[in-house]
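To start, the structure under review is shown below, and the notes come after it.
Throughout, protein chains are lettered first and strands after them, A, B, ... in sequence-line order, and every chain is numbered starting at 1. All values derive from a computational prediction rather than experimental measurement.
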Amino acid sequence: MTQGSTAIRTRFAPSPTGLLHIGGARTALFNYLYSRHVGGAFLLRVEDTDRERSTDAATQVILEGLDWLGLTRDEQTVFQSSRADRHAVVAYQLLETGKAYRCWCSAEELRQMREQAVAEGRSPRYDGRWRDRDPAEAPAGVKPSIRLKAPQEGETVVEDMVQGTVRVANAEMDDMIILRSDGTPTYLHAVVVDDHDMGITHVIRGDDHLTNTFRQVQIFQAMGWDQPRFAHIPLIHGADGAKLSKRHGAVSVLEFREQGFLPEAVCNYLLRLGWSHGDLEVVDRDEAIRLFDIADVNRGASRMDYAKLTNLNGIYIRKADDDRLTREVLQRLAHQPHLSLGSIAAARIRALMPQLKERAKTLVELANAAAFLARVVPLPMEPKAEAQLTAEAKLLLRDVGSALGETDFTVAAIDAALRGFAEATGRKLGQVAQPLRAALTGSTVSPGIDATIAALGREEALARISAAAR
RNA sequence: GUCCCGUUCGUCUAGUGGCCUAGGACACCAGCCUUUCACGUUGGUAACACGGGUUCGAACCCCGUACGGGACGCCA
């Protein structure tokens, strides 16, 4: 970390529209990682200036999502709506210094202006009709908006940390409204004032904001403020390449939580979408902070790949702490009917967790795979398990049951007993294990039969075997 | 329509002029391991959007074309 880098401040600035989008989550992650990488600060600003769509509940969803992902913020959350007075003050300051002017156009007038421009094959832009007009000509009874008097010649240049040098001719841009006729600020203006006041040094956001940046730069210049550095990261698209939306499956981070994904897996996946460090695929939080740099962010949009996320989730489940996974499973099982979820079931699940987590890719799968441990006799049988329990198998189960009744209930002893039984009766181990698995779990799939039997315990295991042998 | 951005296996990506007969990961296929399912492991299929140029040499530099995305609001 270099000297003076502690001054670096990033922010995540979502508008509270009811969910924390997976794309927004990645933007937040990149801001967080960059701030941590350079020892700076990561701030949150809720852009709730659209009072119609903004609710406390929506803000809560964002906070909950960020917390779940472990993206901790520094300093107090800033609510943009609370800063309206300050935004207006700056707008009037620009007015007084001649950098802005009042515009008395009505919404209807502007709409017609745009329509006509499009009809004539021009860009739908404001024509600047009040830019140099005498305010004395203002129509009575109309409240004016305030527009920035943007430069009309030359070009505006953004040195973007991801996209490189991006420039646009000033003639391409019109004079944007910074303060509405009702005195409230527009988004573009509020963002600039807030970023300046919050001391933001690096603006990392989706590249859908790239063209907005030119206009924001014009405001920074009009106020004579230092500009932050900009980094516009590519968007995430759905599997079909179109903008990510509900029809692509889960897009809200809290939805991923429900579907059984671990936050560290989601973060790792999101990190690798648009960022890379050689062939590195599995990167935990600490390593991500150590390695993350904006210079390594790609320019092209990427697509959401649920299969890869799922694979990564399996890796993180295998790495996860057994107690933590047991808690997660118990929580999910609590919503399932016909289970006996006491301390006995909890102990069984915890005992088998090292084996269970080897074969689950999501917490939903993990909970389903563990559910048999909390069931009561008679077990519900899957059709394939039912098919295992032939008349011959039932006879075999009776014999295995008595053999097991005489062994210690350790994994090693059970394994030895079963192998001995198979050998003595001239069977392959699989011929013994599968009927047992059906009898004990009601399924044809489970962890190793020895560990499964041990986790159930002598009494329960023998009860299930004799129930199935009947 | 105008402006801005992008384009390497199906997907995420490595690659910054010779190390590339293009590497890794996921997915897919086949084999091994095995007590089912996973895990693990071995191998396989599969890409530089297209066309020009610059150069002894181009995935990499330049120019076009195509395709994709984004922005053009008194939304954010």
Side-chain angles (χ1 to χ4, degrees), chain A residues 13-17 47-50 52-54 80 103 105-107 110-111 114 117-126 143 145-147 158 160 163-164 166-169 172-174 176-182 184-188 190-191 206-215 232 234-235 237 239 241-243 269 272-282 298-312 314 318 355-361 365 369 384 388 415 418-419 422 428-434 436-438 441 443-450:
Chain A
S15 51
T17 53
E47 312 224 308
D48 56 350
T49 49
D50 184 354
E52 310 240 318
R53 287 195 293 174
S54 304
Q80 195 158 59
C103 168
C105 286
S106 67
L110 293 171
R111 195 184 57 76
R114 272 192 296 274
V118 170
E120 292 171 10
R122 291 179 289 115
S123 268
R125 291 199 291 256
Y126 175 64
K143 290 217 172 200
S145 59
I146 296 180
R147 307 188 89 112
V158 174
D160 194 273
Q163 308 291 340
V166 185
R167 54 184 73 221
V168 72
E172 293 294 332
M173 289 183 284
D174 61 4
M176 75 185 121
I177 292 175
I178 54 176
L179 203 69
R180 299 183 187 111
S181 50
D182 66 0
T184 60
T186 56
Y187 163 77
L188 254 15
V191 166
D207 72 6
D208 49 338
H209 288 289
L210 185 56
T211 44
N212 284 337
T213 307
F214 297 117
R215 341 209 37 155
H232 287 93
L235 264 23
H237 291 156
K243 201 170 184 177
Y269 175 73
R272 282 288 290 102
L273 220 49
W275 174 90
S276 61
H277 186 84
D279 288 339
L280 204 55
E281 295 285 349
V282 180
N298 289 156
R299 277 157 297 257
S302 45
R303 300 179 184 208
M304 191 65 202
D305 182 357
Y306 296 92
K308 187 152 184 173
L309 202 211
T310 302
N311 173 270
L312 211 41
R318 275 173 257 141
Q355 282 78 34
L356 285 168
K357 72 178 181 182
E358 285 292 322
R359 54 210 84 210
K361 292 201 193 313
E365 281 179 25
K384 279 185 183 174
Q388 284 285 333
D415 179 62
L418 291 180
R419 284 179 194 281
K428 286 184 178 175
L429 196 47
Q431 293 175 290
V432 178
Q434 275 312 83
L436 264 177
R437 196 175 327 265
T441 70
S443 165
T444 54
V445 176
S446 86
I449 200 67
D450 46 2

Distance in angstrom units between A:Asp160 CG and B:G70 C1', rounded: 14 Å

Nearest-angstrom distance, P atom, B:C29 to B:C39: 13 Å

Pairwise P distance, B:A59 and B:C9 [rounded to whole Å]: 15 Å

Please list each protein N or O that sits under 3.5 Å from an N or O in nucleotides 3-13 of chain B, with the distance.
| unit_1 | atom_1 | unit_2 | atom_2 | d |
| --- | --- | --- | --- | --- |
| B:C5 | O3' | A:Gln163 | OE1 | 3.3 |
| B:C5 | O2' | A:Gln163 | OE1 | 3.1 |
| B:C12 | OP1 | A:Arg303 | N | 3.0 |
| B:C12 | O2' | A:Arg272 | O | 2.9 |
| B:C12 | O2 | A:Lys308 | NZ | 3.3 |
| B:U13 | OP1 | A:Gly274 | N | 2.4 |
| B:U13 | O3' | A:Ser276 | OG | 2.9 |

Expected output: side-chain A:Glu172 to main-chain A:Ala169 donor-acceptor under 3.5 Å: no

Results of side-chain hydrogen bond (donor to acceptor under 3.5 Å, both in side chains) for A:Arg437 - residues two or more places apart only: A:Gln434, A:Ser446

Which nucleotide in B:A76, B:C72, B:U36 has an atom nearest any side-chain atom of A:Arg125: B:C72

Sugar-phosphate only, base, or nothing, as touched by A:Cys105 at under 4.0 Å among non-hydrogen atoms: base

A:Phe214 and A:Val166, any side-chain heavy atoms less than 4.5 Å apart: yes

Short side-chain N/O contact to B:C74 OP1/OP2 from A:Arg111, under 4.0 Å: no

Assigned partner base of B:C26, Watson-Crick or wobble definition, under 3.5 Å: B:G10

N/O donor-acceptor pair under 3.5 Å between A:Arg359 side chain and A:Glu365 backbone: no

Do any N or O atoms of the protein come closer than 3.5 Å to N or O atoms of nucleotides 39-45 of chain B, and which pairs are they?
| unit_1 | atom_1 | unit_2 | atom_2 | d |
| --- | --- | --- | --- | --- |
| B:C39 | OP1 | A:Lys361 | NZ | 3.1 |
| B:C39 | O3' | A:Arg318 | NH1 | 3.2 |

Most 5' of A:Asp174 and A:Leu429 on RNA chain B, judged by nearest nucleotide: A:Leu429

By salt bridge (Lys or Arg N to Asp or Glu O under 4.0 Å) - contacts of A:Arg215 (at least two apart): A:Asp174

Phosphate contact (B:U36 OP1 or OP2) by A:Ser446 side-chain N/O below 4.0 Å: no

Side-chain heavy atoms of A:Gln80 within contact of A:Val191, under 4.5 Å: yes

Under 3.5 Å donor-acceptor, A:Glu47 side chain and A:Tyr187 backbone: no

d(CG, A:Asp48; C1', B:C75) in whole Å: 14 Å

Sugar-phosphate, base or nothing in reach of A:Pro14, heavy atoms under 4.0 Å: nothing

Result of checking A:Asp208, A:Asn212, A:Thr213 against A:His232 for side chain to side chain donor-acceptor pair (under 3.5 Å): A:Thr213

Touch class at under 4.0 angstrom, heavy-atom based, for A:Leu110 against every strand present: base

Inter-nucleotide P distance (B:C5, B:G10), Å rounded: 28 Å

Rounded distance in Å - CG (A:Leu235) to C1' (B:G70): 7 Å

Nucleotide forming a Watson-Crick or wobble pair with B:U65, both distances under 3.5 Å: B:A49

Watson-Crick or G-U counterpart of B:G73, or none if no pair lies under 3.5 Å: none

Under 3.5 Å on both distances, the Watson-Crick or G-U partner of B:U54: none

Span that lies between the C1' atom of B:G68 and that of B:A49, in whole angstrom: 11 Å

For atom CD of A:Gln80 and atom P of B:A76, their distance in whole Å: 8 Å

Sugar-phosphate, base or nothing in reach of A:Gly448, heavy atoms under 4.0 Å: base

Between OH on residue A:Tyr269 and OG1 on residue A:Thr310, distance to nearest 0.5 Å: 9.5 Å

Whole-angstrom distance between B:U42 and B:G24, as gauged at atom P: 12 Å

B:C74 phosphate, OP1 or OP2, under 4.0 Å from A:Arg114 side-chain N/O: yes

G-U wobble or Watson-Crick pairing nucleotide for B:U35 (cut-off 3.5 Å, both distances): none

Gap in Å between the two C1' atoms, one belonging to B:A38 and one to B:C32, rounded: 16 Å

Euclidean distance for C1', B:G64 against B:C72 (whole angstrom): 26 Å

Touch class at under 4.0 angstrom, heavy-atom based, for A:Asp415 against every strand present: base

Nearest-neighbour nucleotide for the A:Asp279 side chain, B:C74, B:G23, B:A71 considered: B:G23

Nearest-nucleotide comparison on RNA chain B, the residue closer to the 5′ end among A:Leu309 and A:Glu47: A:Leu309

Whole-Å gap separating P (B:C72) and CD1 (A:Ile177): 13 Å

side-chain contact (heavy atoms from CB on, under 4.5 Å) partners for A:Asp415, two or more places apart: A:Arg419, A:Asp450

B:C20: pairing nucleotide in any strand, Watson-Crick or G-U under 3.5 angstrom: none

A:Asn298: side-chain hydrogen bond (donor to acceptor under 3.5 Å, both in side chains) partners, not counting sequence neighbours: none

Whole-Å C1' distance, B:U7 and B:C48: 10 Å

Separation of atom NZ in A:Lys357 from atom C1' in B:C37, rounded to whole Å: 18 Å

Atom-to-atom span, CE of A:Met173 to P of B:G73 - whole angstrom: 13 Å

Short side-chain N/O contact from A:Arg215 to OP1 or OP2 of B:G73, under 4.0 Å: no

Among B:G1, B:U36, B:G70, the nucleotide that comes nearest once only the side chain of A:Val445 is considered: B:U36

Gap between atoms CG and C1', on A:Leu418 and B:U36 respectively (whole Å): 14 Å

Side-chain touch A:Ile178/A:Leu188, heavy atoms, less than 4.5 angstrom: no

Side chain proximity check, A:Leu235 to A:His237, heavy atoms < 4.5 angstrom: yes

